[in-house]
Amino acid sequence: MKIIVENTVCLNTGDAAILLAIRHILRTVAGDGLRFFVFDSQPEVAARLYPKKDYPDLEFHKLLSETLFRYPSGSGVKDRLKPHYNRLVHKVLRNFGSDSLLGRAFFKESDRRGLDIYQNADLVVTTGGTYLVENYNLERRLNQFRLDAAIGKDPVFFTQSLGPFNKPYNRHELSPIFDRSPLILLRDERSRHHIADMVKEPGKCHVVADAVFALADTDGIGKRLASAACADGPRRDFRPPLELRQ
């Protein structure tokens, strides 16, 4: 089974923990015969940090929204043309595909390889975290979701803290993305409230524990807690183990 995990930044240790937790959860559910294609902002660094010899089921690629599209960095003529170029990229993908003559003219070989991975994926997961908030410019994320839609892959949203979405543009663009997603996992009720009026099927939105808790050594923590208690009751000077205090 081929699984894509997109929008990762594994150079960030928190994001890396979320990736490994997603991997652990899906392997627990579906078995060990899974291959994970991770689309990361810095795949070369991620591949060094998580080498094949230790993680043979992980394969890192450059996030396609950062290679296929162009983003303004100023207000010059070139910057004003970039949104038009991006719309053209979407049209080429939707109407012709990456292997067409036009697609080969637009997309370099590594991008076509990435698009081919998407076409053959069994599941697309947009990683958990806090990146769909209006403190950030969401255009790169939106382009990734638009790309998913153009290829016919609607991502599962892993445990998110997201919103609120007060900007009309973001609400307009994200609402159909949330609607197409088969499953949206949220870290808290506040996040669910933020998208309550942006999702037509609220039953697919679930508040669950953060993915990284799947990596906790629950047996070890339970033994530490049990050994710290006296036979005739809890001690007044008891302090929880370090892993629970951090």
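Basis for what follows: all heavy atoms, side chains included, without hydrogens, waters or symmetry-related copies.
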Where do [X] and [Y] come nearest, in terms of heavy atoms and distance?
| X | Y | value |
| --- | --- | --- |
| Pro155 | Pro182 | O-CD, 3.7 Å |
| Pro43 | Phe60 | O-CB, 3.8 Å |
| Leu64 | Gly114 | CD1-C, 4.0 Å |
| Leu58 | Lys52 | O-NZ, 3.0 Å |
| Ser181 | Lys204 | O-NZ, 2.6 Å |
| His206 | Leu183 | CD2-CD1, 3.5 Å |

For the side chain of [X] and the backbone of [Y], is there at least one donor-acceptor N/O pair under 3.5 Å apart?
| X | Y | answer |
| --- | --- | --- |
| Asp15 | Leu11 | no |
| Ser98 | Arg112 | no |
| Glu6 | Leu63 | no |
| Asn143 | Ser65 | no |
| Lys200 | Ser175 | no |
| Arg180 | Asp154 | no |
| Lys91 | Phe96 | no |
| Lys62 | Asp40 | no |
| Arg70 | Thr67 | yes |
| Asp57 | Phe36 | no |

Could you tell me if the ring centre of Tyr118 sits under 6.0 Å from that of Phe39? yes

Less than 6.0 Å separating the ring centroids of Phe157 and Phe178? yes

Are [X] and [Y] packed together at the side-chain level, in the sense that at least one heavy-atom pair is separated by less than 4.5 angstrom?
| X | Y | answer |
| --- | --- | --- |
| Gln160 | Arg187 | no |
| Leu34 | Leu26 | yes |
| Ser73 | Asp79 | yes |
| Lys2 | Ile117 | no |
| Gln42 | Cys10 | no |

Distance, nearest 0.5 Å, that separates [atom1] of [X] from [atom2] of [Y]:
| X | Y | atom1 | atom2 | value |
| --- | --- | --- | --- | --- |
| His61 | Asp111 | NE2 | CG | 11.5 Å |
| Asp188 | His193 | CG | NE2 | 11.5 Å |
| Ile184 | Ser191 | CD1 | OG | 11.0 Å |
| Arg94 | Arg146 | CZ | CZ | 10.5 Å |
| Ile22 | Thr127 | CD1 | OG1 | 3.5 Å |
| Ile18 | Asp210 | CD1 | CG | 5.5 Å |

Verify same cluster id: [X], [Y] (apolar side-chain graph, 4.5 Å):
| X | Y | value |
| --- | --- | --- |
| Phe145 | Leu186 | yes |
| Met1 | Val38 | yes |
| Met198 | Val156 | no |
| Leu215 | Leu185 | yes |
| Leu147 | Leu138 | no |

Measure from NZ or CZ of Arg140 to the centre of the six-membered ring of Tyr71, then state whether that distance is under 6.0 Å and the direction lies within 45° of the axis. yes

Pairing donors with acceptors under 3.5 angstrom, does anything connect the side chains of [X] and [Y]?
| X | Y | value |
| --- | --- | --- |
| His90 | Arg87 | no |
| Gln144 | Asn7 | no |
| Thr126 | Tyr131 | yes |

Does this structure show an ion pair linking Glu189 with Arg192, if we count only N-O contacts that are shorter than 4.0 Å? yes

Salt bridge (Lys or Arg N to Asp or Glu O under 4.0 Å) between Glu59 and Arg35, worked out: CA-CA 8 Å; Glu59 183 175 310; Arg35 292 181 64 193; 3.4 Å; yes

Is it the case that more than 12 heavy atoms not belonging to [X] sit under 6.0 Å from its [atom1] atom?
| X | atom1 | value |
| --- | --- | --- |
| His172 | NE2 | no |
| Lys82 | NZ | yes |
| Glu201 | CD | no |

Report the C-alpha distance between Phe107 and Val89 in whole Å, list the side-chain angles of each, state the deciding distance to 0.1 Å, and finish with yes or no for side chain to side chain contact (heavy atoms under 4.5 Å, CB included). CA-CA 9 Å; Phe107 311 127; Val89 168; 3.7 Å; yes

Between Tyr50 and Val45, is the side chain to side chain contact (heavy atoms under 4.5 Å, CB included) condition met? List the steps. CA-CA 9 Å; Tyr50 304 94; Val45 177; over 6 Å; no

Take Leu123 and Lys153 through the test side chain to side chain contact (heavy atoms under 4.5 Å, CB included) and record every step on the way to the result. CA-CA 8 Å; Leu123 176 67; Lys153 304 292 184 180; over 6 Å; no

Take Phe165 and Leu174 through the side chain to side chain contact (heavy atoms under 4.5 Å, CB included) test and state the conclusion after the steps. CA-CA 9 Å; Phe165 301 109; Leu174 282 169; 3.5 Å; yes

